[in-house]
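Every heavy atom of this structure was used, including side-chain atoms; hydrogens, water molecules and symmetry mates were not. Since this is a predicted model, take the numbers as computed values, not measurements.
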Amino acid sequence: MTDLACAIDLLEDRASLYRLLASLYYQPLSEEQIDALAASDLAGLAGDSESPFAPAYRDLHGALRLRHTGTKEELAADFTGAFYGIRTSEGRTAQPFESLFRTQGPGQLMGEARSEVYRELRAHQLRVPEGVDLPEDHLSFIFAYLGRLCDDAAAALRAGNEGQAAELLERQRSFFRAHVASWVRDFLAQARLMVETRFYRGVLALTEAFVAEEERSFEEAASAAA
């Protein structure tokens with residue numbers, strides 16, 4: 001496989017994982033989503049002892065391996081309790097909004113972070129889906145946007161436009177550092193106090209592993225370009 005093909009495959013893999021995480025934080029999972037996850041190769045991914053993602057996939061696989069008629073309701077209750085702000089710890093919630101975590105002290109919804117993400121999405125001709133009452137700095141929309149940038153960069157490489165791909169990747173790196181690395185670890189620490197199921201512990205672990213890998217890849221790219 002050529003270096004170009006490897007780069008395209010890597011971008012497509014990253015886009016897929018961004019989209020998966022976006023869907024996991026967006027709303028409680030449907031029965032169809034649970035069945036699709038259970039049918040995926042979580043066991044194989046969990047068995048790769050060298051992968052930093054393996055512990056997360058073990059949790060996801062273990063949680064879904066013995067799913068039953070009440071699994072959907074159990075996961076929905078955990079999702080709403082943790083991510084809709086029903087559960088609290090010392091007065092804080094784990095709602096996945098950048099505005100709540102990027103400020104010093106108790107955060108506020110609809111803060112400057114929301115405005116920044118809104119402007120970025122608008123510049124890329126994207127918007128929150130019609131009828132969805134969530135601000136733009138929700139982690140689901142942030143991950144979906146980063147996945148879109150990966151898709152666009154892969155498409156640019158296929159078209160032979162390496163300059164455009166480089167611009168998209170730089171845009172992605174800048175957005176990731178401003179709107180993921182700046183707050184997501186605080187969010188994950190808070191969310192661990194809230195989630196009660198093995199499945200959502202796995203979701204948090206998967207998020208942490210992926211964010212760490214993205215940060216390393218951006219650092220390696222910067223070092224290579226220096």
Side-chain angles (χ1 to χ4, degrees), residues 9-90 92-98 100-101 134 138-144 146-147 150 176 180-181 183-217:
D9 283 349
L10 178 59
L11 284 166
E12 290 176 340
D13 287 346
R14 290 171 60 208
S16 294
L17 195 40
Y18 271 126
R19 284 193 294 270
L20 172 61
L21 290 171
S23 70
L24 291 171
Y25 286 108
Y26 182 55
Q27 62 187 6
L29 295 176
S30 67
E31 203 73 62
E32 292 74 18
Q33 287 175 304
I34 292 170
D35 288 343
L37 278 170
S40 63
D41 188 25
L42 292 173
L45 294 168
D48 183 358
S49 59
E50 296 183 2
S51 170
F53 296 88
Y57 286 125
R58 278 197 292 273
D59 277 339
L60 296 176
H61 172 65
L64 298 181
R65 182 172 58 89
L66 300 176
R67 71 192 187 283
H68 48 78
T69 56
T71 297
K72 177 177 176 292
E73 288 71 24
E74 179 184 331
L75 295 183
D78 199 26
F79 182 97
T80 56
F83 303 131
Y84 282 1
I86 296 171
R87 299 178 194 141
T88 63
S89 175
E90 298 182 355
R92 298 189 66 195
T93 71
Q95 294 168 280
F97 300 114
E98 182 181 351
L100 287 177
F101 289 91
L134 291 172
H138 190 282
L139 187 57
S140 176
F141 302 142
I142 289 172
F143 280 154
L146 286 163
C150 286
F176 177 92
V180 177
W183 68 282
V184 78
R185 282 192 171 80
D186 289 339
F187 158 72
L188 293 172
Q190 185 70 13
R192 287 192 183 93
L193 302 175
M194 307 296 173
V195 300
E196 296 177 349
T197 61
R198 185 178 184 185
F199 179 84
Y200 280 107
R201 287 196 295 273
V203 170
L204 299 179
L206 180 61
T207 306
E208 182 174 45
F210 183 55
V211 167
E213 183 173 89
E214 286 287 86
E215 289 180 331
R216 282 194 297 272
S217 70

Report task. Quick one: closest heavy-atom pair of Q33 and S23, and the distance? Result -> NE2-CB, 4.2 Å
Report task. Could you check if a side-chain atom of L42 sits within less than 4.5 angstrom of a side-chain atom of L64, using non-hydrogen atoms only? Result -> yes
**Report entry** Trace of the ring-ring contact (aromatic ring centres under 6.0 Å, His included) decision for F79 with Y84
**Finding:** CA-CA 7 Å; F79 182 97; Y84 282 1; 5.5 Å; yes
Report task. Drop me the distance from R14's CZ to E214's CD, to the nearest 0.5 angstrom. Result -> 4.0 Å
Query raised in the report: Nearest 0.5 Å, what's the CD1-CE distance between I86 and M194?
Result: 11.5 Å
Query raised in the report: Taking the side chain as C-beta and beyond, is there a heavy-atom pair between L206 and D59 under 4.5 Å?
Result: no
Report summary line: Value for CZ (R198) from NE2 (H61), rounded to nearest 0.5 Å, stands at 8.5 Å
**Report entry** Validation row: I34, F199 side chains within 4.5 angstrom (heavy atoms)
**Finding:** no
Which side-chain N or O atoms in residues 184-192 pair as donor and acceptor under 3.5 Å with protein atoms at least two apart or in another chain?
residue : atom : partner : partner atom : Å
R185    : NH1  : E215    : OE1          : 3.1
R185    : NH1  : E215    : OE2          : 3.2
R185    : NH2  : E215    : OE1          : 3.0
Q190    : NE2  : R92     : O            : 3.2
R192    : NH2  : E208    : OE1          : 2.8

Query - Side chains of S51 and L45 in contact at under 4.5 Å (non-hydrogen atoms) - result: no
Query raised in the report: Looking only at heavy atoms, what is the nearest atom pair of A46 and A54, with distance?
Result: O-CB, 3.6 Å
Query raised in the report: Rounded to the nearest 0.5 Å, what separation is found between the CD atom of Q27 and the OG1 atom of T80?
Result: 12.5 Å
**Report entry** Side chains of L24 and F83 in contact at under 4.5 Å (non-hydrogen atoms)
**Finding:** no
Query - Full working for side-chain contact (heavy atoms from CB on, under 4.5 Å) between F176 and V211 - result: CA-CA 9 Å; F176 177 92; V211 167; 3.9 Å; yes
Query - Option from F143, Y18, Y57 for which ring pair (Phe, Tyr, Trp, His ring centres under 6.0 Å) with F210 holds - result: Y18
Query raised in the report: Are any of the side-chain nitrogens in R87 or D78 under 4.0 Å away from the carboxylate oxygens of its partner?
Result: yes
Query raised in the report: Heavy-atom distance under 4.5 Å between the side chains of V203 and Y25, does that happen here?
Result: yes
Requested in this report: Would you sort out whether V195 and L204 count as a side-chain contact (heavy atoms from CB on, under 4.5 Å), showing the intermediate values?
Outcome: CA-CA 9 Å; V195 300; L204 299 179; 3.8 Å; yes
Query raised in the report: If you round to the nearest 0.5 Å, how far is CD of E74 from CD of E196?
Result: 9.5 Å
Query raised in the report: Nearest 0.5 Å, what's the OG1-CG distance between T93 and L193?
Result: 11.5 Å
Query raised in the report: Sequence neighbours excluded, which residues qualify as side chain to side chain contact (heavy atoms under 4.5 Å, CB included) partners of A15?
Result: R19, C150, D151
**Report entry** Distance-minimising heavy-atom pair for G44 and D41
**Finding:** N-OD1, 3.0 Å
Query raised in the report: Can you tell if the side chain of L146 reaches within under 4.5 Å of the side chain of I142, non-hydrogen atoms only?
Result: yes
